[in-house]
Amino acid sequence: MISILSTTPISPVHPITNVVPLSLVLLVSLIKEAFEDWKRLQNDMSINNTPVDVLQDQNWESVPWKKLQVGDIVKVKQDALFPSDLVFLASTNPDGVCYIETSNLDGETNLKIRKALERTWDYVLPEKASEFKGEIQCEQPNNSLYTFTGNLIIDKQTLPLSPNQLLLRGCSLRNTEYIVGAIIFTGHETKVMMNSMNVPSKRSTLERKLDKLILALFGGLFFMCVVGAIGSGIFINSKYFYLGLSGHVEDQFNPRNRFVVAILTMFTLITLYSTIIPISLYVSIEMIKFIQCAQFINKDLHMYHTESNTPALARTSNLNEELGQVEYIFSDKTGTLTRNLMEFFKCSIGGKMFGTGITEIERGIAQRNGMQVNETPSTTVVKEKGFNFDDPRLMRGAWRNESDPEIFKEFFRCLAVCHTVLPEGDGSSDKITYQAASPDEAALVTAAKNFGFFFYRRTPTSIMVREANTEKMGSVQDVTYEILNVLEFNSTRKRQSVVCRCPNGRLVLYCKGADTVIYERLAGGNSDIKKITREHLEQFGSSGLRTLCLAYKELSSELYEKWNEKFIQAKSSLRDREKRLDEVAELIENDLVLIGCTAIEDKLQEGVPMCIETLSRAGIKIWVLTGDKMETAINIAYACNLINNAMKQFIISSETDPIREAEDRGDPVEIARVIKDSVKQELDRYLEEAQELLRSPYGPKLSLIIDGKCLMYALDLTLRVSLLKLSLNCSSVVCCRVSPLQKAQVTSLVKKGARKITLSIGDGANDVSMIQAAHVGVGISGLEGMQAVMASDFAIAQFRFLTELLLVHGRWSYLRLCKVITYFFYKNLTFTLTQFWFTFHTGFSGQRYYDDWFQSLYNVIFTALPVIIVGLFDKDVSASISKRYPELYKAGIRNTFFTWKVVAIWAFFSIYQSLIIYYFTTASSRNAHNSSGKIFGLWDVSTMSFTCIVLTVNIRLLMSCNSLTRWHHISVWGSIFAWFLFIFVYSGIMTPRDRQENEYFVIYVLMSTFYFYFSLLLIPIVSLMGDFLYQGIQRLIFPYDYQIVQEIHRHDPEETRRQMLEIGHNLTPDEAASFAVARLPRETSKHTGFAFDSPGFESFFASQAGVFAPHKPWDVVRRASAKSKHRTSKS
Amino acid sequence: MEMDGASSSASGGAAQAILLTSRKPRVFYRFTQQNLPACRPALTPTLIITIFLLTGVVFLPVGLVCLRASESVEELVLRYDTECIPENYRSNKVAYIKDVSISKKCKLNIKLRNYMKAPVYVYYELDNYYQNHRRYIKSRSDKQLLHGLQQKDISSCKPMESSNGLPIVPCGLISWSLFNDTFAFDVKGGKVNVNRTNISWKSDRAHKFSKNVYPFNFQNDSLIGGGKLDPSIPLSEHEDLIVWMRVSALPKFRKLYGVIEEDLDAGKLLTVHLANNYNTYSSGGKKKLVLTTSNWLGSKNNFLGLSYIATGGCSILLAILFALIHVKFPRPHYDTSHLQWNKRGGAR
């Protein structure tokens, strides 16, 4: 607008003054947009052109995804992604089943089963499939991933379709050669796409604050203009005959209509003072942020994960400084805090504890207590996925030397037999892989293998185990156990049993499960083992391990036969089969003999507890939002040091008796009411308690644990406020069993309700909504699923890199951006104010003080580069110190460096400096300044002023730097040099165009006087003295934290960071090469843009009544995680 | 930081081997790792005191030198705008100045207090005269001053671009309002010569005002703003005009009229014969005549010297003040009790 105004005659300035910076700004942002669009287009193209086989005339034709239409019959091969939502017709597997992996949708890596309708099993071959004629009736496209209803009509026969026949886009096919399916939803109608939200464009809070500042500047501009306009209206008078105001005068100077004069002058002044609005600020900020991302964050070796060859990735460059202000972190659990890798870590057999490993949490405690943890990895240690155990007393058959080898045998046998794992690969122990529903189970079986009980084959009725060292040391024999019954795991039973017949005819029931349920069912006697094992369980629990109790029971054949009859009966019953099976299982799972317990480490990502501790010292509160069960979540929270025993825990759970009773009655309205009431009660009670505790000075820290069901009601409008109040008082919050949507709701509750800066971190598609909802979304990259990364703003390989990302990059970005913004504000204000003071001496006519080119190049050349350099290089303290004093981060949370107070201080000094510069240069302008007696004109004086401003403003920047590299000097002195170079050239030439040659020879005239040099020394120093004084006093009396830390480490060697880096990373040439490779442009992932909504617990699709879905083990066992021991250990 | 020393030398080997192979990647590496060599200036009290002291020590003598230079300048100021109006016209100065029929001659005497060494510069000083008004400043054509009538587009000269249908050279309000009071001096009957050449900057004379352009159609309108120009003399020799057209920065300004190239002795009576032609009465400005000597720093200008002295004095005062604060309320560098998180008690 100002540019347009400047082309009109009322403008005091040449249009170029405003057009040049503006077009530069526009150009840069256009290029940026275009670049991003182009990248997006490429990504889309690669997805759209993925080929898939479509049935055409009895043949499979390869067709790109984008050409698929509803109704096409497609063939999807193993490991391929489903191109759209399909109805599953047939597969190469017998029984019309296929396995799919849904990790893109819910982050679960275990396979799910889909089963085609029996009627369509045959359509596997193209010839056959082309005969397929049918009609599918189904619901409208919707976003519910777990429901689907429809009918398949073949030959006038209507068959119901359920989610069990639905293959969703985003899943991939596993363990199946290929499947045939009919497309029902494509493109944006697919369920995953219906779930994807429009990616909200994020702007950083600082930038929003900046907008306010700009608004304030507009206010200031307006004020200045009004003052000037009123002045002009009053001033204009025909008595100033030399202005030629008699006769016909254009409106702007017509003294007969002062009002019009004022209005028009107002517009004039707007263009004149438009420099107060730092247009180039936005471009500079974008440039700074872009380089920060591309060069600093993406290339930081501290955030480079060597194992997965993944550097950090900043996907947007808008949010760098937001990273420096994060107060709340919402973290997913699986894959983020933990590796989703279960490792057999310790065990207790017959009352003896085995396993020498040290968990992260123990290490953390030890470090806090100042103990040195020396780990000498023994050479004998067997490292395998799922097995991280070493104890010479057990390995390689050494267990035979223990006092009671039989119980060891039972222990191992139980591990090897009582499970629902499928072995894959040939029978050799190196090549076998275990397909298990949960990593826990696989870990247990792997453990058995390493103890010499190698489970290598499963048939429907038997399990084959290669047992070593059972008879005597060194012997190996294959043993087949006949599996008679499997009593499956479910969440109420919390245990799993297998009845098997040993080759010698012995009937045994092996059982493993949560300690509470097993202990209830133990036979009497032998209380020593029970007591010791319980102690061990507690010990394992407190070191963050997941425990399972193992037990067995010898069965007599009569007893078994009797029971088996009931079992078969129950199994074949049509109504309440599950319930009846559970009842029958109760009958036999009693009088068990405790063997021992296992402890599995739900392996935390490297450095997580340390990272969390550092972050919480930095004043960041970490919330864990997980789909896991409450016990698991609490367990991990302990392991991560989020919760400890000194904390007061508030637990809001839906697993209470009144709620369960209500649920049993099954009336949804009543359930809702009951839960809501109880949630309300608890919230109120806890809130009261929390406030009481907070009032006492040394009260414990608080933590809140809430589950998804309760959260649903707590997020209700009426309860939201108290939930927020309570949770903000807690130093850690754990939400378990939450759906992705709830994750997002919780995030936005804090974001909007508490107006704090939030960060979400997650790795799976179920975290997408949360990542998008938070101010900053961070994805864990380097794993297969890319959804989280695609939705995120930053991607890092490991959770622990958050320290680096927030405390180093974020903090620096924040500091730098604040400095850049306030400095921009200052320099433009100073410049414009000198202009403003001049207006008072020109009869408010809007005469410009400076030459057009000075004004337009001021922001673009003479003061542009140094501030960008500061935006890139300024460091208050080094990276290692930033991490050593996480508390420094709190300045960002409090937003210390960009408050109105800070702005006001800058503004004050800006006014001071502009007054000094203006009055000092003009004060003696009427005098001669050299011995020739000649007098300076306006342009001489203004050039003088401008020189002083360029000097002052640039040196002021140097004064505000915390560290000065040679680039600072180059840019600052270079800018000043550029000004002189410019003015030498500019005032040395005359342009052929008709314009005023005001500046001609001005600088040479100036430089012929001593006065010039004396002023040049005096004015900048006087101007800067105020700032200097302020800085001195501020530092001496009201120091910022970082300044104290700077002083503490003032004499540390500068090289600290580099040395640390080299220690930390020690890049060998190989690693350096791999890092270089990682920098190469990478093929982008094909699956993008899925967001999704999942209940996140139990099996992926609920089996529907009427459709026979074999309740296979691999839906279940992961729930067999341990009951938390902490509550018991506390009491 | 206990790990810094010993271990780095041992372990840094491999890394440095690749990093140091060539300089360029190393610089780039240090750039991306944000580890460029930098000095970390910190405003310690000692530094502050040193800087203030240094400023004071440098500025005070400079200020004294400047002030002395300025004090050595002799300056005589004579306001004549009311003096030169006959008593009966004092109540209506505008009518007087506009009345062409009245002689504007005026004679004033000044007592020379001190000896004035040649060259003595003669200035006129106007007050409340807005040469920097936007309408005024715009109204000129630098191209016309160079090319004369060949320059057809002189729209920038509005409202004084033409009269009687012919373009004006030099056009525009600035030249139209040329100052036209004249001054002549004598001392005890002896005429004192005023040299009216070389009063403008050489660059203006040589490059902005052409030797080949002559005034044309100038002040031929009914409205006459100021001085007339001899149409037979080229613009570059109208130094009055050149001086006048280098517009002043502020509404109060001096312009060089001429140079008296002989010494003026103290105690003598200097008679000024002036023609009070120029109208500053309608806009209510003052007119002054200034006689001044000059030195290397120009004419009388206490401002520079005084500011230097003031700044220097302040610096030393502040240095002392800081020293006092530092001694009285020291904040040791290793004192972490000022850290915010220590102040608030507990690392919450």
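Each chain gets a letter, A, B and so on, in the order its sequence line appears, and its residues count up from 1.
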### Query
Taking it one step at a time, do A:L272 and B:R134 satisfy side-chain contact (heavy atoms from CB on, under 4.5 Å)?
CA-CA 12 Å; A:L272 187 66; B:R134 185 154 74 93; over 6 Å; no
### Message
Could you walk me through whether B:F253 and A:I935 satisfy the side-chain contact (heavy atoms from CB on, under 4.5 Å) test, starting with their C-alpha distance in whole Å, then the side-chain angles of each, then the deciding distance to 0.1 Å, before giving a yes or no?
### Response
CA-CA 9 Å; B:F253 58 90; A:I935 302 275; over 6 Å; no
### Message
The test is ring pair (Phe, Tyr, Trp, His ring centres under 6.0 Å); show your working for B:Y129 and A:Y240 and say whether it passes.
### Response
CA-CA 8 Å; B:Y129 190 99; A:Y240 302 103; 8.7 Å; no
### Message
Pair B:N295, A:S931 - check side-chain contact (heavy atoms from CB on, under 4.5 Å), show working.
### Response
CA-CA 5 Å; B:N295 60 14; A:S931 52; over 6 Å; no
### side-chain contact (heavy atoms from CB on, under 4.5 Å) between A:L1018 and B:Y308, worked out
CA-CA 7 Å; A:L1018 174 73; B:Y308 264 108; 3.6 Å; yes
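The disulfide bond (SG atoms under 2.5 Å apart) search around B:C66 returns none, not counting sequence neighbours.
At least one side-chain heavy atom of B:L297 sits under 4.5 Å from a side-chain heavy atom of A:F1014. Side chains of A:Y242 and B:S283 form a contact here, defined as non-hydrogen atoms less than 4.5 Å apart. For the pair B:I199 and A:K934, the minimum side-chain heavy-atom distance is 4.5 Å or more. Between B:F322 and A:I1033, the closest side-chain pair of non-hydrogen atoms falls below 4.5 Å. Counting only heavy atoms from C-beta outward, the side chains of B:R246 and A:D940 approach each other to under 4.5 Å. By the 4.5 Å heavy-atom criterion applied to side chains, A:Q1031 and B:I48 are not counted as neighbours.
Contacts between B:Y278 and chain A at a heavy-atom distance below 4.5 Å involve the side chain alone, from C-beta outward. Of the two parts of A:T922, the backbone and the side chain both hold a non-hydrogen atom closer than 4.5 Å to a non-hydrogen atom of chain B. Looking at B:S248, only its backbone comes within 4.5 Å of chain A, counting heavy atoms on both sides. Looking at B:I51, only its side chain comes within 4.5 Å of chain A, counting heavy atoms on both sides.
For an aromatic pair to be called close, the ring centres must be under 6.0 Å apart, and A:H841 with B:Y130 fails this. Residues B:H133 and A:F235 bring their aromatic ring centres within 6.0 Å. Aromatic ring centroids of B:F52 and A:F1028 lie under 6.0 Å apart.
Of the listed residues B:N198, B:V62, B:V58, B:V290, the one with more heavy-atom pairs under 4.5 angstrom with chain A than any other is B:N198. Each of B:W201, B:F303, B:Y281 has some count of heavy-atom pairs under 4.5 Å with chain A, and the biggest count is that of B:W201. Listed options B:G226, B:P159, B:S177, B:S307 were ranked by heavy-atom pairs under 4.5 angstrom with chain A; first place goes to B:S307. For chain A, the option among B:E75, B:K202, B:R254 with the highest count of heavy-atom pairs below 4.5 Å is B:R254. Chain A forms more heavy-atom pairs under 4.5 Å with one residue of B:K255, B:K252, B:H326 than with any other, namely B:K252. Listed options A:G937, A:G933, A:S1008, A:S963 were ranked by heavy-atom pairs under 4.5 angstrom with chain B; first place goes to A:G933.
The local environment of CZ in A:F1010 is sparse, with at most 12 non-hydrogen atoms from other residues, nucleotides or ligands closer than 6.0 Å. The number of heavy atoms from other shown groups lying within 6.0 Å of NZ (A:K239) is above 12. Atom CH2 of B:W244 is surrounded by more than 12 heavy atoms from other residues, nucleotides or ligands within 6.0 Å.
A distance-only check finds no donor-acceptor pair linking the side chain of A:R926 to the backbone of B:P251 [under 3.5 Å].
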